Amino acid sequence: MTPRLRLQPEAVGMGMTSQRVRDRLVERLREAGIVDERVLNAIRTLPRHLFVDEALATRAYEDTALPIGHSQTISQPWVVARMTEVLLENSPKKVLEVGTGSGYQAAVLAILGLEVYTVERIGDLLRQARKRLRQLGLNVRSKHDDGRIGWAEHGPYDGIIVTAAAPALVPVLVEQLAVGGQLVAPVGGSGSQSLVRLVKRADGSVEETTLAPVVFVPLLSGTLD
Ligand code: SAH
């Protein structure tokens with residue numbers, strides 16, 4: 001069941017933020033290899049321009065990462081689509097995101113009907129993301145914390161998505177994965193990063209696959225207001 005979005009006409013906007021530009025982005029993602037119609041539909045539905053500063057709204061439907069303040073970025077739509085597509089492969093119900101940022105990735109997961117938990121270390125970004133998600137009527141549970149410790153209270157998760165890069169996969173997050181669950185995360189330093197998928201098997205062992213080269217901001221320690 002896809003939740004219905006609560007959109008005011010003025011929030012949806014006209015011109016460069018209209019449905020037509022969103023449809024064009026979806027076509028571009030399809031050409032770039034995204035095949036899951038549920039994911040393409042979520043991106044077609046969600047007004048990405050509401051997740052960036054007004055001054056950047058006209059660029060919101062380009063397939064590119066954009067600044068959201070505090071030296072952070074809203075991820076490139078193709079990356080959001082690909083990570084979500086991978087995450088959906090084992091039909092998750094409950095998912096954890098580390099790195100809420102603008103809230104866009106969390107919104108995509110919520111609109112797909114998943115139970116979403118998200119953690120962000122920068123308080124200001126989290127407050128803005130919460131406001132957007134609330135305005136869109138999307139139910140996402142969020143916490144201001146260092147996401148490298150996950151969110152044990154609500155685990156284990158069928159899926160964990162990390163939207164900031166670390167030199168290696170974080171063991172605590174692997175612990176919070178359910179059996180059969182998968183973690184999708186960028187791994188690497190500032191020079192070279194890859195999107196990695198890890199699946200947790202019944203015997204506790206893990207299977208790792210490298211999916212694609214990506215560029216993410218770093219996963220940092222501690223919290224900021
Ligand atoms: N998923 C976001 C992408 C934001 S960029 C979106 O859709 O917009 C990555 C985010 O991860 C940044 O907001 C950054 O502050 C956050 N981040 C980095 N290290 C973190 C950590 N240890 N715990 C939680 N969030 C972290």
Side-chain angles (χ1 to χ4, degrees), residues 25 29 39 42-43 45-53 56-57 59-87 95-112 114 116-133 136 138 140-155 157 159-174 176 183-190 193 195 214-225:
L25 170 62
L29 294 177
V39 176
I43 289 177
T45 311
L46 265 181
R48 187 169 183 260
H49 66 279
L50 299 183
F51 292 80
V52 296
D53 193 83
L56 289 170
R59 300 195 54 203
Y61 299 102
E62 292 173 16
D63 188 17
T64 178
L66 292 169
I68 54 171
H70 303 270
S71 308
Q72 304 305 318
T73 54
I74 178 173
S75 304
Q76 179 193 350
W78 183 84
V79 169
V80 173
R82 186 68 193 119
M83 288 178 95
T84 308
E85 193 172 68
V86 171
L87 207 68
V95 296
L96 172 70
E97 176 194 33
V98 175
T100 317
S102 67
Y104 182 73
Q105 172 74 72
V108 168
L109 297 170
I111 209 172
L112 285 162
L114 302 180
V116 185
Y117 295 84
T118 184
V119 185
E120 169 58 53
R121 66 181 286 275
I122 302 179
D124 183 45
L125 290 179
L126 185 59
R127 280 189 293 278
Q128 294 180 51
R130 278 177 175 153
K131 196 169 155 201
R132 295 182 183 113
L133 293 164
L136 291 168
L138 293 171
V140 169
R141 270 150 280 200
S142 61
K143 182 169 78 139
H144 180 210
D145 207 345
D146 182 342
R148 294 178 316 158
I149 59 165
W151 196 346
E153 192 188 338
H154 299 289
Y157 301 93
I160 300 181
I161 188 166
V162 184
T163 66
L169 290 173
V170 180
V172 176
L173 295 178
V174 180
Q176 291 178 21
L183 180 125
V184 186
V187 175
S190 55
Q193 300 169 4
L195 196 59
V214 284
V215 181
F216 275 88
V217 294
L219 189 71
L220 300 172
S221 60
T223 59
L224 287 177
D225 293 341

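Computed from a predicted structure; not experimentally measured. In each ligand, atom 1 is the first atom listed, and ligand 1 is the first ligand listed. FYI, side chains are in, hydrogens and waters are out, and symmetry mates aren't considered; it's all heavy atoms of this structure.
- Atom 22 (N) of ligand 1 has its closest protein heavy atom at Leu220 O, 2.6 Å.
- Around atom 8 (O) of ligand 1, the closest heavy atom drawn from Gly222, Ser102, Ala164, Ala166 belongs to Ser102.
- Interface of Val217 with ligand 1, defined as ligand atoms under 4.0 Å from a residue heavy atom, comprises 5 (S), 9 (C).
- Atoms of ligand 1 found under 4.0 Å from any heavy atom of Leu125, numbered from 1 in the order shown, are 13 (O).
- Among protein heavy atoms, the minimum distance from atom 11 (O) of ligand 1 is reached at Gly99 CA, 3.2 Å.
- To the nearest 0.5 Å, the span separating CD1 on Ile74 from CG on Asp53 amounts to 11.5 Å.
- Looking at Gln76, His70, Arg148, Arg121, it is Arg121 that brings a heavy atom closest to atom 17 (N) of ligand 1.
- In this structure, the protein non-hydrogen atom closest to atom 23 (N) of ligand 1 is Gly147 N, 2.7 Å.
- Looking from atom 7 (O) of ligand 1 to the surrounding protein, the closest heavy atom is Gln105 N, 3.1 Å.
- Summarising the geometry, atom OG1 belonging to Thr45 is positioned 5.0 Å from atom CD1 belonging to Ile111; distances are rounded to the nearest 0.5 Å.
- When all heavy atoms are compared, the tightest approach of Val140 to Ala110 is CG2-CB, 3.7 Å.
- If you number the atoms of ligand 1 from 1 as listed, the ones under 4.0 Å from a heavy atom of Ile122 come out as 15 (O).
- Taking a cut-off of under 4.0 Å to the non-hydrogen atoms of Asp145, the atoms of ligand 1 that pass are 23 (N), 24 (C).
- Residue contact check: Thr73 has heavy atoms under 4.0 Å from atoms 3 (C), 4 (C), 5 (S) of ligand 1.
- At a 4.0 Å heavy-atom cut-off, ligand 1 touches Pro218 through the backbone alone.
- If you check the side chains of Arg141 and Thr118, you find no donor sitting under 3.5 Å from an acceptor.
- Nearest to atom 12 (C) of ligand 1 among the protein's heavy atoms is Gln72 OE1, 3.3 Å.
- Set against the non-hydrogen atoms of Ser75, the atoms of ligand 1 under 4.0 Å away are 3 (C).
- Every atom of ligand 1 with a heavy atom of Thr163 under 4.0 Å away is listed here by number and element: 1 (N), 2 (C), 3 (C), 5 (S), 9 (C).
- A distance of 6.5 Å separates CD of Glu62 from OG1 of Thr64, quoted to the nearest 0.5 Å.
- Ligand 1 places these atoms under 4.0 Å from at least one heavy atom of Thr100: 1 (N), 2 (C), 6 (C), 8 (O).
- For atom 15 (O) of ligand 1, the nearest protein heavy atom (residue, atom name, distance) is Glu120 OE2, 2.6 Å.
- For the atom pair CZ (Arg148) and CZ (Arg121), the distance works out to 8.5 Å, reported to the nearest 0.5 Å.
- Taking CG of Leu87 as the start and CD of Glu97 as the end, the distance is 10.0 Å to the nearest 0.5 Å.
- With a 6.0 Å cutoff to the six-membered ring centre and a 45° limit on the axis angle, Arg48 counts as a cation-pi contact of Tyr104.
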side-chain hydrogen bond (donor to acceptor under 3.5 Å, both in side chains) evaluation trace for Gln72 with Ser102: CA-CA 9 Å; Gln72 304 305 318; Ser102 67; over 6 Å; no

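- By the neighbour-count criterion of 12 heavy atoms within 6.0 Å, atom NZ of Lys131 is sparsely surrounded, having that number or fewer from other residues, nucleotides or ligands.
- Inspection of the Glu120 and Thr223 side chains reveals no N or O donor paired with an N or O acceptor under 3.5 Å.
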